[in-house]
Amino acid sequence: MPPTAFFIDLDGVVYRGQRCLDGAAAFIHKLETGGHPYLFLTNNSAHHPDEYVRKLHACGIAARRAQVYTASDAAADALREELAGRPVFVLGETGLIRVLEEAGVPVATGEGPRTTAGPSGAAGRPPAEAAAVLVGELRHLDYAALCQAARLVAAGAPLFATNPDRTIPDEDGFIVGCGSITAVLETATGQRARYFGKPNPDMARRAARRLGVPLEHCAVIGDGWETDIALAHALGLPSILIQAGAATVAGHGFRPDQQAARPTWTVPSLAALLDADLDAILGN
């Protein structure tokens, strides 16, 4: 059997906010020297993947853009196929908009100051032409654009979101995530969103193709019960829960209805895996 390949979460696993976590760089070195393929698989759509590469470099991990697959990437890949060139109205940061534009997905823009132009300065299409609404992480919430999005969904546009995370870990504990913002639109319109990020199995399937390994040879490392561990459970993949991360904060905690989706292995940090036989503990 080939060595196990790994999908590795970022927030709360490799770093928390701007703080690098113990053992992360050493663990990636262990994967490389052991011949284990790996891909950083993050739901955070607040920034362009190049920013996550820079954060990894700051943590001593010489990652490349091709080694980072985000929920923005998953959304762009899916919408490029499904919308066939029709524009999507986006509530999200410029990093998400850049990923969509790079993938050839047209972006419709709104009235607020953050959505009047894409990163290239182009005016974009008016929201009335949008074929769908996409919600990402938001650090600056534009109420007028939020209302526009709700009206589009109420008029029949499908509601999409990059990821269902209700919170994202940071140095102060956590911040409100995409799932919480999307819930506002779901409440306002009565429509349910479709999420492209973890635990959507399609994200892992696309990531495995990017990594160039069969999905059945992959394992998931993360700190979220509702995202990382649920993804592994949905696909029948082994999983390692980093318990000291977001697993104990609001929006990521263990819930009684997740009894069946238990991780294969639970550790306090990546540092605890430095002496482990990864193929042995994952049953390869």
Side-chain angles (χ1 to χ4, degrees), residues 1-16 20-44 49-50 52-71 73-74 77 197-225 227-247 261-284:
M1 290 288 291
T4 302
F6 290 90
F7 296 139
I8 307 168
D9 188 32
L10 289 176
D11 294 286
V13 175
V14 176
Y15 50 70
R16 178 181 288 276
C20 304
L21 298 180
D22 292 342
F27 178 73
I28 297 303
H29 179 70
K30 174 184 175 73
L31 295 183
E32 292 174 344
T33 57
H36 294 275
Y38 64 91
L39 190 69
F40 295 105
L41 200 67
T42 177
N43 268 359
N44 196 329
D50 288 346
Y52 300 122
V53 170
R54 285 191 286 270
K55 290 185 71 172
L56 287 164
H57 285 190
C59 291
I61 299 170
R64 305 183 307 278
R65 167 65 175 94
Q67 293 175 298
V68 177
Y69 193 68
T70 71
D73 291 316
D77 288 343
K198 300 176 288 187
N200 187 333
D202 285 340
M203 184 179 186
R205 295 187 183 104
R206 294 178 187 275
R209 288 196 292 269
R210 174 175 287 205
L211 194 56
V213 300
L215 185 60
E216 59 268 24
H217 293 166
C218 298
V220 178
I221 300 178
D223 65 336
W225 284 95
T227 52
D228 304 298
I229 305 308
L231 172 69
H233 179 70
L235 291 168
L237 301 178
S239 60
I240 299 175
L241 176 70
I242 304 300
Q243 196 170 39
R262 290 186 175 277
T264 309
W265 196 260
T266 301
V267 296
S269 70
L270 290 177
L273 298 173
L274 295 179
D275 295 325
D277 182 339
L278 297 176
D279 287 320
I281 67 173
L282 295 174
N284 195 345

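Start at 1 with the first residue, then count along the sequence. Excluded from the calculations below are hydrogen atoms, water molecules and symmetry mates; all remaining heavy atoms, backbone and side chain alike, are included.
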By ring-ring contact (aromatic ring centres under 6.0 Å, His included) - contacts of [X] (at least two apart):
X	answer
Y15	none
F40	Y38
F6	H36

Contacts of [X] that satisfy side chain to side chain contact (heavy atoms under 4.5 Å, CB included) - sequence neighbours left out:
X	result
D277	D279, A280
L235	P201, A204, R205, L215, L231, L237
P263	W225, I229, S239, L241, T266
A25	I61

Selection residues 56-66 - residue pairs positive for side chain to side chain donor-acceptor pair (under 3.5 Å), sequence neighbours left out: R65-D73
Do [X] and [Y] come within less than 4.5 Å of each other through their side chains, counting heavy atoms only?
X	Y	answer
L21	S269	no
D77	D202	no
T4	L278	no
V267	I242	yes
V14	K55	no

Could you work out, with side chain to side chain donor-acceptor pair (under 3.5 Å) as the rule, every residue matching R210, not counting sequence neighbours? none
D9: what forms a side chain to side chain donor-acceptor pair (under 3.5 Å) with it, not counting sequence neighbours? K198
Hits for salt bridge (charged side-chain N to carboxylate O under 4.0 Å, His left out) against R209, two or more places apart or cross-chain, chain-then-number order -> none
